[in-house]
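These values consider heavy atoms only, across backbone and side chains, with no hydrogens, waters or symmetry-generated copies. Counting starts at 1 for both ligands and their atoms, following the listed order.
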Amino acid sequence: MRDAFFFKNNGMSYRIGFGIDFHRLSAGRKLWLGGINIPHHKGAVGHSDADVLLHAICDALLGALNLGDIGIHFPDTDPAYKDIDSKILLKKTYALIREKKYEIVNIDSTICLETPKIKNYTDDMRQAISNILNIQKDDISIKATTAEKMGFIGREEGLVAYATVLLEKNKE
Ligand SMILES: [Zn+2]
């Protein structure tokens, strides 16, 4: 049983999680990404503020501890979550991770959208996420790519975010 020994060596326990989220884009909506409002002629459509990156990170955190998905914890049929700031959802998700005595080691993520260019905003996003999750900005990676004008992303009908997280159980 090399695996059990390897992953629980020195009383440490690691868990990896993956999350993905999609939203449609529409005129007349604000574009929230990584907790930051980005000026654009279209924004993401959703029950909450539709922050696709924060939702992907929430799903990755939940997935790492096999706690289900964001739809189970924050159903889009619940009026409590109508237009809610997704930073609040991330904060609530982080509380679930802490309840299980885990901390975040690092996050890697990619936002896939055609426009606008977001590289000037990723530093602010990393700061916003760092404030909520109690990790250093250096431990949060946010990358961006276009879809080379292909498909629904290329036509600017929607956007996608992917996130991977590593969690470490607190030493007791
Ligand atoms: Zn979402």
Side-chain angles (χ1 to χ4, degrees), residues 15-98 102 104 106-119 121-122 124-135 140-147 150-167:
R15 305 278 297 197
I16 194 164
F18 170 73
I20 180 168
D21 193 43
F22 296 78
H23 280 275
R24 281 190 294 122
L25 285 166
S26 172
R29 288 277 301 186
K30 287 186 170 171
L31 181 59
W32 286 94
L33 276 176
I36 302 297
N37 181 220
I38 296 175
H40 193 49
H41 66 281
K42 281 181 170 182
V45 180
H47 184 67
S48 66
D49 67 6
D51 190 321
V52 72
L53 177 60
L54 295 193
H55 293 180
I57 293 172
C58 284
D59 250 12
L61 291 168
L62 293 169
L65 296 183
N66 203 4
L67 294 173
D69 61 42
I70 193 171
I72 291 171
H73 292 273
F74 314 112
D76 63 7
T77 48
D78 188 336
Y81 303 120
K82 178 96 181 87
D83 296 324
I84 197 170
D85 180 342
S86 293
K87 290 191 281 296
I88 295 168
L89 303 183
L90 186 61
K91 205 171 287 182
K92 286 174 183 281
T93 304
Y94 181 58
L96 296 172
I97 301 309
R98 296 292 301 128
Y102 277 83
I104 299 164
N106 73 306
I107 298 174
D108 185 21
S109 67
T110 301
I111 302 169
C112 189
L113 83 174
E114 206 62 38
T115 61
K117 293 272 174 252
I118 58 166
K119 69 172 191 308
Y121 299 98
T122 50
D124 287 347
M125 292 180 201
R126 289 164 60 228
Q127 185 62 59
I129 295 165
S130 151
N131 292 346
I132 297 166
L133 297 180
N134 198 28
I135 51 173
I140 303 167
S141 147
I142 301 174
K143 311 185 299 298
T145 184
T146 70
M150 294 182 289
F152 71 92
I153 292 167
R155 293 189 297 271
E156 300 183 47
E157 293 168 5
L159 77 174
V160 184
Y162 306 83
T164 305
V165 305
L166 185 67
L167 304 186

Please verify the inter-ring angle class for Tyr81 with Phe74; under 30° counts as parallel, over 60° as perpendicular, anything in between as tilted. perpendicular
Could you check whether Asp76 and His47, counting side-chain N and O atoms only, form a donor-acceptor pair closer than 3.5 Å? no
Kindly give the atom name of the N, O or S atom of His55 closest to the Zn ion (ligand 1). ND1
Is there a donor-acceptor contact under 3.5 Å linking the side chains of Thr164 and Asp108? no
Under 2.8 Å from the Zn ion (ligand 1), is there an N/O/S atom belonging to Asp51? no
Which value, rounded to 10°, describes the NE2(His23)-the Zn ion (ligand 1)-OD2(Asp21) angle? 90°
Going by distance alone, is a donor N or O of one side chain under 3.5 Å from an acceptor N or O of the other, for Thr93 and His73? no
